[in-house]
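Input: one structure, supplied below.
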Number of protein chains: 2
Amino acid sequence: MRLSSSQENYLKAIYKLEVGDGIATNQSLAALVEATPASVTNMLRKLTEAGWVEYQAYQGATLTPSGRNEAVTLVRKHRLWEVFLVEKLHYDWDAVHSLAEELEHIGGEELINRLDAFLEHPAYDPHGDPIPNAKGVVRIRQHAIAASEAVVGDRFVVCGVKDSSSLFLRHLDKLSICLGKAYTLIDLLEFDQSAVWTEKDSALTSVSNEVAKNVLIQLTDE
Amino acid sequence: MRLSSSQENYLKAIYKLEVGDGIATNQSLAALVEATPASVTNMLRKLTEAGWVEYQAYQGATLTPSGRNEAVTLVRKHRLWEVFLVEKLHYDWDAVHSLAEELEHIGGEELINRLDAFLEHPAYDPHGDPIPNAKGVVRIRQHAIAASEAVVGDRFVVCGVKDSSSLFLRHLDKLSICLGKAYTLIDLLEFDQSAVWTEKDSALTSVSNEVAKNVLIQLTDE
DNA sequence: TTTGGTTTTTAGCTCAGGCTAAAAATTTTA
DNA sequence: TAAAATTTTTAGCCTGAGCTAAAAACCAAA
């Protein structure tokens, strides 16, 4: 049985919650899919009947294996389309989310595997999030920590973001922080916990703690 | 006001009929959008109210300028996605129609213009149909005639098809007829009106009249 | 011009997926 | 543990887009 776009969005939302906090309550789902809790109850009943979701009244929802499979495929589709939009169509990284959200509902395995091959099997999307492979295996990003965890003297490479809202991404653009760039943390200002990063021992970037908390880095050898 | 996928399909169908036979009757529309005439009546009323269509009961439908604009954009989107699927994702030309039908409803001008640029502004889709430009101008295919019009001795290049059903396209594949190939018509068999084509004065292809009627060609200099 | 056939419209129904408002269940707090 | 607050569910309604069956309009031929 084929899922509607709307149903797919619910599966994706449950998946996100499972991966994150753990529990997909009715209300958190409502927020994610932008509907009322009443509508969520309704949809969860249908998805349960169809075998995508395990759900008992007042108990929250979990995905069945096939539901999880479906959700991972959606994440895969979403992230591959984002790569396409940024790499091939030269969209800014803050502008691709909503388009990918539309594209992810198109076609099936065939299309997405061809897209994957065309893009040469990218491992990460433009925000540094890992792209599940064709078998649904999500490669975990190794050793990634928030930039706010770094201490003076650390060398690191920016490898992702926790917040991929347009607002935050455009802010990073203004600081010319982007994925793959290498920095050394040369100072941590006690007053407001802001950090000073150097790039190639020359350009300085001043990073507020609020920003650092949402930037993911990998420490590199001294 | 944004159009739904369904509404877009109606506009495209009316456009097709206008370009072809001329008159978009309720019944012919029903066939094209795969709905009943009753549903068509219903939708035409809505599209008329919204200013996309001119329509009076029992009189058939015509597009308003903005409706036509919308329809041409859809054709553009459809054909550009077909080019993408064939050129970049290496789909066979007989397998792209239904995917393009889904993709054509995604995003707006921005996306399609970027796709157009990425594909380097192709003039024709994989079936040889012309792709309207960003201003909605449809470049007419010059001098194209049906292959069944050719006479013995004519040299020509295959430039399009009238029938782009999977069945027909796969049949052409079997005859290894594809767009851009040059032939000379060396014989016309009176018995069943089938034709014999040579390619580069060596390989022979036998083409039934039924096929020839659906292959578009351009005559070339002797 | 009247009769019959075709096409279109109307009327009323269905289904998916939303919504609100109120009721019920659960959890928290006093 | 009882009251208050929160969350979830139920009930009933709406909209878009389709459907069928029957009525109405139109066209054509006798």
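Please read these numbers as outputs of a predicted model, since none were measured by experiment. We name chains A, B, ... by the order of the sequence lines, and we start the count at 1 in each one.
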Can you sort out the partners of A/Ala50 under side-chain contact (heavy atoms from CB on, under 4.5 Å), two or more places apart, ordered by chain and number? A/Met1, A/Trp52
Stepwise side chain to side chain contact (heavy atoms under 4.5 Å, CB included) test for B/Val138 and B/Val19: CA-CA 11 Å; B/Val138 188; B/Val19 168; over 6 Å; no
Contact letters for nucleotides 9-20 of chain D, in which S counts primed atoms plus P, OP1 and OP2 and B counts the base, heavy atoms under 4.0 Å: BB-----SSSBB
Nearest whole angstrom, please: distance from the C1' of D/dT7 to the CD1 of A/Ile23. 13 Å
Please walk me through it: do A/Arg114 and A/Glu110 pass salt bridge (Lys or Arg N to Asp or Glu O under 4.0 Å)? CA-CA 6 Å; A/Arg114 281 175 186 269; A/Glu110 168 89 17; 2.6 Å; yes
Nearest atoms (heavy-atom pairs only) where B/Val86 meets B/Trp93: CG2-CA, 4.1 Å
Cation-aromatic face contact A/Lys88/A/Phe118, 6.0 Å, 45 degrees: yes
Using whole Å, report how far CG of A/Leu47 lies from P of C/dG18. 10 Å
For A/Gln27 and C/dA25, what is the distance between atoms CD and C1' respectively, to the nearest whole Å? 14 Å
